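I have placed the structure first, in the form of structure tokens, so that the comments after it can refer back to it.
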Amino acid sequence: MKTVLLTGCSSGIGRDAAHHLTEKGWRVLATCRKEEDAETLRAEGFESFALDLASEESVSAGVARALSLGPVHALVNNGAFALPGAVEDLPRGGLRQIFETNLFGTHDLTRQLIPHFRANGEGRIVTISSVLGLVGIPWRGAYVATKFALEGLTDVLRVEMADTPIRISLIEPGPIGTAIRLKSIPHFERWIDWENSPRRRQYEDTLLKRLYQPAAKKDRYELPPSAVSAKIAHALGSANPRRRYYVTTPTYLSGFGKRILSTRALDWFARRS
């Protein structure tokens, strides 16, 4: 039985993936930021422990804990959070905090496991990005920035690791039925001074309603977390995993559009070189 280390398992995509991969025959080390959430997962039968991506010490301790339990064959980087708000209202501290988890911690965890994968002669790294790693939309600037950076870093890592037995994939979900919006509220309240923003009226008319009022109906393109879990399982189990897995219609459309634009941009530069 192969072992996968999975981050961000307290709810949503991570929790569903933990169950799905267990059903697929994987030994899942289901980690999450808070020890109380890990305790809940242990009560469900998982091997679980706290791993806070924002803490260098916690990441290193998590790697040591995982490796003490035996060989780890795969890593699924899922842990992340959102900080909604206009870019002009986003303070340095808030941007630093979201990058610590969504990018720096994910990168740190990945690079600490790569030597283990090299020594084992195999390894899979699956990183959960987002449609917001392909396109930017208003009020999501902080999250978009982390996912754009994560996409670029992962693409370069994949190219650099092509001469090794380590395979790397990105998964890009669009709207998925999770609690990420609800969990973003404490970060919004801590960092965004919307009442003194020149966009106060826009906050009242749009973002505040989205955050604090339950939606009358779900997004027309929304899929359950299981749609992402299926892609994770394929990336981990396929002999030839894809570089990118799109989930939901908006992500397919965004990915196609970005490829077209990139091709046209390259043609434009080629004609002028």
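Just so it is clear, the structure is predicted and the values come from calculations on it, not from any experiment.
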State plainly whether one hydrophobic cluster holds both [X] and [Y], where clusters connect Ile, Leu, Val, Met, Phe, Trp and Tyr through side-chain heavy atoms under 4.5 angstrom apart.
X      : Y      : result
Val87  : Val144 : no
Leu153 : Val159 : no
Phe81  : Ile13  : no
Ile98  : Leu207 : yes
Ile180 : Ile176 : no

Quiz item: Where do Phe99 and Ala149 come nearest, in terms of heavy atoms and distance?
Solution: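 So the minimum-distance heavy-atom pair works out to CE2-CB, 4.1 Å.
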Could you check whether [Y] and [X], counting side-chain N and O atoms only, form a donor-acceptor pair closer than 3.5 Å?
X      : Y      : result
Lys231 : Ser169 : no
Asp52  : Ser58  : no
Trp139 : Gln202 : no
Ser229 : Asp16  : yes

Self-check item: Parallel, tilted or perpendicular: ring planes of His234 versus Tyr245, cut at 30 and 60 degrees
Solution: perpendicular
Is any side-chain heavy atom of [Y] closer than 4.5 Å to one of [X]?
X      : Y      : result
Ile166 : Met161 : yes
Ile232 : Val228 : yes
Val76  : Leu5   : no
Val156 : Glu160 : yes
Thr127 : Ile171 : no
Ser48  : Leu29  : no
Leu134 : Glu151 : yes
Leu211 : Arg181 : yes

Quick one: does any side-chain atom of [X] pair with a main-chain N or O of [Y] as donor and acceptor, under 3.5 Å?
X      : Y      : value
His116 : Val72  : yes
Asn77  : Ile125 : no
Thr31  : Leu6   : yes
Arg42  : Thr40  : no
Ser184 : Ala82  : no
Arg124 : Leu236 : yes
Thr178 : Gly12  : no
Asp89  : Ile192 : no

Exercise. Could you go through the side-chain hydrogen bond (donor to acceptor under 3.5 Å, both in side chains) check for Ser60 and Gln112 one step at a time?
Key: CA-CA 8 Å; Ser60 295; Gln112 288 197 42; 3.2 Å; yes
Quiz item: Can you list the residues that meet the side chain to side chain contact (heavy atoms under 4.5 Å, CB included) rule with Leu208, with sequence neighbours excluded?
Solution: Phe188, Trp194, Tyr203, Glu204, Tyr212
Salt bridge or not for [X] and [Y], using N-O below 4.0 Å?
X      : Y      : answer
Arg158 : Asp155 : yes
Arg15  : Glu44  : yes
Glu122 : Lys2   : yes

With rounding to the nearest 0.5 angstrom, report the [atom1] to [atom2] distance, [X] to [Y].
X      : Y      : atom1 : atom2 : value
Arg244 : Tyr246 : CZ    : OH    : 6.0 Å
Ile128 : Lys147 : CD1   : NZ    : 8.0 Å
Leu41  : Glu47  : CG    : CD    : 12.0 Å
Leu150 : Glu172 : CG    : CD    : 9.5 Å
Ser55  : Glu100 : OG    : CD    : 9.5 Å
Leu83  : Thr101 : CG    : OG1   : 11.5 Å

Quiz item: Yes or no on side-chain contact (heavy atoms from CB on, under 4.5 Å) for Leu157 and Thr110, after CA distance, side-chain angles and deciding distance?
Solution: CA-CA 10 Å; Leu157 179 64; Thr110 299; 3.9 Å; yes
A quick test of your reading: do over 12 heavy atoms of other residues, nucleotides or ligands sit less than 6.0 Å from [atom1] of [X]?
X      : atom1 : result
Arg118 : CZ    : no
Arg199 : CZ    : no
Arg111 : CZ    : no

Quiz item: Between Phe117 and His73, does the ring centre distance come in under 6.0 Å?
Solution: no
